[in-house]
Structure formats: C-alpha cells, structure tokens
Amino acid sequence: MKLGRLNHIGVATPSIADSIVFYRDVMGATKIHQPFDLPEQGVKVCFVDTPGADGALNGTQIELIEPLPGNASIASFLEKNPSGGQHHVCYEVPDIHVAKAEFEALGKRVLGEPRIGAHGTLIFFVHPRDMGGVLTEIMETPKPGEGH
Ligand SMILES: C[C@@H](C(=O)O)C(=O)SCCNC(=O)CCNC(=O)[C@H](O)C(C)(C)COP(=O)(O)OP(=O)(O)OC[C@H]1O[C@@H](n2cnc3c(N)ncnc32)[C@H](O)[C@@H]1OP(=O)(O)O
Ligand SMILES: [Co+2]
C-alpha cells in the first residue's frame, strides 16, 4: 500500500443546508457543489472544495453527509454526536481491487465489496478499529474524463 492523495474528509451533519451556510459564511468556502442523494450508500452528499497547493480549488474536499431515511449507522453516529462531526477520511488508490487485497492480507476488515461512491468510482471502507480509530474510505482515482 502506498499512501495516496487525501481525496476528502467526511463530515456527518444533521443538516446539509445548515452546514452549507457554515462553510460559506464562517469558513469562506467559495465553491460548494450541489447536494445530491446517493441512495446506494444511504446518504445525501455535498462537496465543499478547498484550494490545492497552487491556489486552485482542486484540493482535498469536505464531504458533508446527511443520512437518508433508513440509514442506521449515520443516524447512530448523529445520536452520539448530535451537532455532527468528523466521520471518515478518504484516500485515493490507482486500483481498488489491488488495495482491497493488500488491506485484507494485513488482516484489516474491509466492510463489504467495492461499490460506486460519490465521485462515480469504486470505493470501500476499512473498519475504524483496525485503522487506529479512523474510519477509512479507499477510493479509486477517477481516470481523466471519468467520474465527477
Ligand atoms: C458517499 C460515500 C463516498 O464518499 O463516496 C461515503 O463516504 S458514505 C459514508 C457513510 N458510509 C459508511 O460509513 C459505510 C461504512 N461504515 C460502516 O460500515 C459502519 O458505520 C461501521 C464503521 C462498521 C460502524 O458500524 P456501526 O455504525 O454499527 O457502529 P458501532 O456503533 O457498532 O461502532 C463499532 C465501533 O466503531 C466505532 N466507530 C463507529 N463509527 C465510527 C467513525 N465514523 N469513526 C471512528 N470510529 C467509529 C465505534 O466507536 C465502535 O467502537 P468500539 O468497538 O471501540 O466501541
Ligand atoms: Co466519503
């Protein structure tokens, strides 16, 4: 495993609408994407862009996540953290299947099979208890012209 780009930090929130106001007015975010539902993952998602090293808005994103009805795990996270909180970090890899095999060879619990994530490429999660307490998402880097 070679540590890849930090694609996004997942932040759970009881209200994406309220969080958008926070990131715009308190944090000064200038690029906040349109929220969208990702029913396969049981979440509503909204990306907030941060600048990269060159100043362009191509750095690590904040991924706001709000549970859709029936999503027990984010709902229980919000029960423990009613105002929301940092939920996961997401690193990019060149090949999702190679990465999955590498984590499994190290005895890390990969949660389910790779599935399509918010950027349109395959993702999986690794259990926080095997990752120093950090719920870790691994995401295949979008190829040029692929994903969003
Ligand atoms: C849209 C997509 C994308 O970017 O493309 C997304 O990100 S979707 C983002 C939402 N999707 C996901 O999170 C899918 C993967 N997550 C899961 O499968 C689950 O949330 C688990 C991580 C397995 C947690 O399961 P469950 O919700 O049932 O929680 P639980 O209360 O039983 O917790 C089991 C243990 O994990 C810890 N734990 C739970 N959630 C945690 C979190 N977010 N960060 C760090 N630790 C966490 C608990 O404290 C507990 O520790 P102790 O054992 O020490 O008591
Ligand atoms: Co994510």
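Note that ligands are numbered from 1 as they come in the structure, with each ligand's atoms numbered from 1 the same way.
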>> Looking only at protein heavy atoms, which one is nearest to atom 39 (C) of ligand 1, and what is the separation?
In response: Pro128 CG, 4.5 Å

>> If I apply the N/O under 3.5 Å rule, does His87 come out as touching ligand 1?
In response: yes

>> Can you tell me which N/O/S atom of Glu63 has the shortest distance to the Co ion (ligand 2)?
In response: OE1

> What does the angle at the Co ion (ligand 2) come to, between atom OE1 of Glu137 and atom NE2 of His8, rounded to 10°?
Replying inline: 90°

>> Could you identify the single nearest non-hydrogen protein atom to atom 40 (N) of ligand 1 and state the distance to 0.1 Å?
In response: Phe77 CD1, 4.5 Å

> Distance-only, no hydrogens or angles: does the Thr50 side chain make a donor-acceptor pair with backbone N or O of Thr60 under 3.5 Å?
Replying inline: yes

> Considering only protein heavy atoms, which is closest to atom 12 (C) of ligand 1, and at what distance to one decimal place?
Replying inline: Phe125 CZ, 3.9 Å

>> For the 3.5 Å polar cut-off, considering only N or O atoms, please tell me whether His127 and ligand 1 meet it.
In response: no

> Does the side chain of Phe77 come within less than 4.5 Å of His88's, by heavy atoms?
Replying inline: no

>> One thing to verify: whether Glu104 and Lys108 come together as a salt bridge, which I'm taking to mean a side-chain N less than 4.0 angstrom from a carboxylate O.
In response: no

> Hey, is there an N, O or S on His88 sitting under 2.8 Å from the Co ion (ligand 2)?
Replying inline: yes

> Given the protein's heavy atoms, is any one of them under 4.0 Å from atom 33 (O) of ligand 1?
Replying inline: no

>> Please tell me if atom 55 (O) of ligand 1 is touched by the protein, where touching means a protein heavy-atom distance below 4.0 Å.
In response: no

>> Return the closest protein heavy atom for atom 1 (C) of ligand 1 as residue, atom name and distance.
In response: Leu38 CD2, 3.4 Å

> If you measure every N/O of Glu63 against every N/O of ligand 1, is any gap under 3.5 Å?
Replying inline: yes

>> Need the ligand 1 atom indices (1-based, order shown) with element for anything under 4.0 Å from a heavy-atom of Ile74.
In response: 10 (C)

> Is the closest heavy-atom distance from Met139 to ligand 1 below 4.0 Å?
Replying inline: no

> Non-hydrogen atoms of His8 versus ligand 1: any pair closer than 4.0 Å?
Replying inline: yes

>> Test your reading of the model: is there a side-chain donor-acceptor pair from Asn81 to the backbone of Gly84, 3.5 Å cut-off?
In response: no

> Can you find a protein heavy atom closer to atom 7 (O) of ligand 1 than 4.0 Å?
Replying inline: yes

> Looking at atom 18 (O) of ligand 1, what's its closest protein heavy atom, distance included?
Replying inline: Leu111 CD1, 3.7 Å

>> Is Gly133 close enough to touch ligand 1? Criterion: a residue heavy atom under 4.0 Å from a ligand atom.
In response: yes

> Right, does atom 50 (C) of ligand 1 have protein non-hydrogen atoms nearer than 4.0 Å?
Replying inline: yes

> Do ligand 1 and Arg115 have nitrogen or oxygen atoms that lie under 3.5 Å from each other?
Replying inline: no

> Between His119, Glu92, Arg5, which is the residue that forms a side chain to side chain contact (heavy atoms under 4.5 Å, CB included) with Thr141?
Replying inline: Glu92

> Is the distance between the Co ion (ligand 2) and the nearest N/O/S atom of His87 smaller than 2.8 Å?
Replying inline: no

>> The test is side chain to side chain donor-acceptor pair (under 3.5 Å); show your working for Gln61 and His8 and say whether it passes.
In response: CA-CA 4 Å; Gln61 292 173 310; His8 65 262; 5.5 Å; no

>> Does the protein place a non-hydrogen atom closer than 4.0 angstrom to atom 10 (C) of ligand 1?
In response: yes

> At what distance is the nearest protein heavy atom to atom 26 (P) of ligand 1, and which residue and atom is it?
Replying inline: Ser73 CB, 4.3 Å

> Is there a side-chain contact between Leu122 and His97 (heavy atoms, below 4.5 Å)?
Replying inline: yes

>> Is the shortest side-chain heavy-atom distance between Asp49 and His33 below 4.5 Å?
In response: yes

> Quick one: nearest non-hydrogen protein atom to atom 30 (P) of ligand 1, plus distance?
Replying inline: Lys80 NZ, 4.3 Å

> Taking distance alone, with no angle check, do Ala118 and ligand 1 share an N/O pair under 3.5 Å?
Replying inline: yes

> What protein heavy atom is closest to atom 37 (C) of ligand 1, reported as residue, atom name and distance in Å?
Replying inline: Arg129 NH1, 3.4 Å

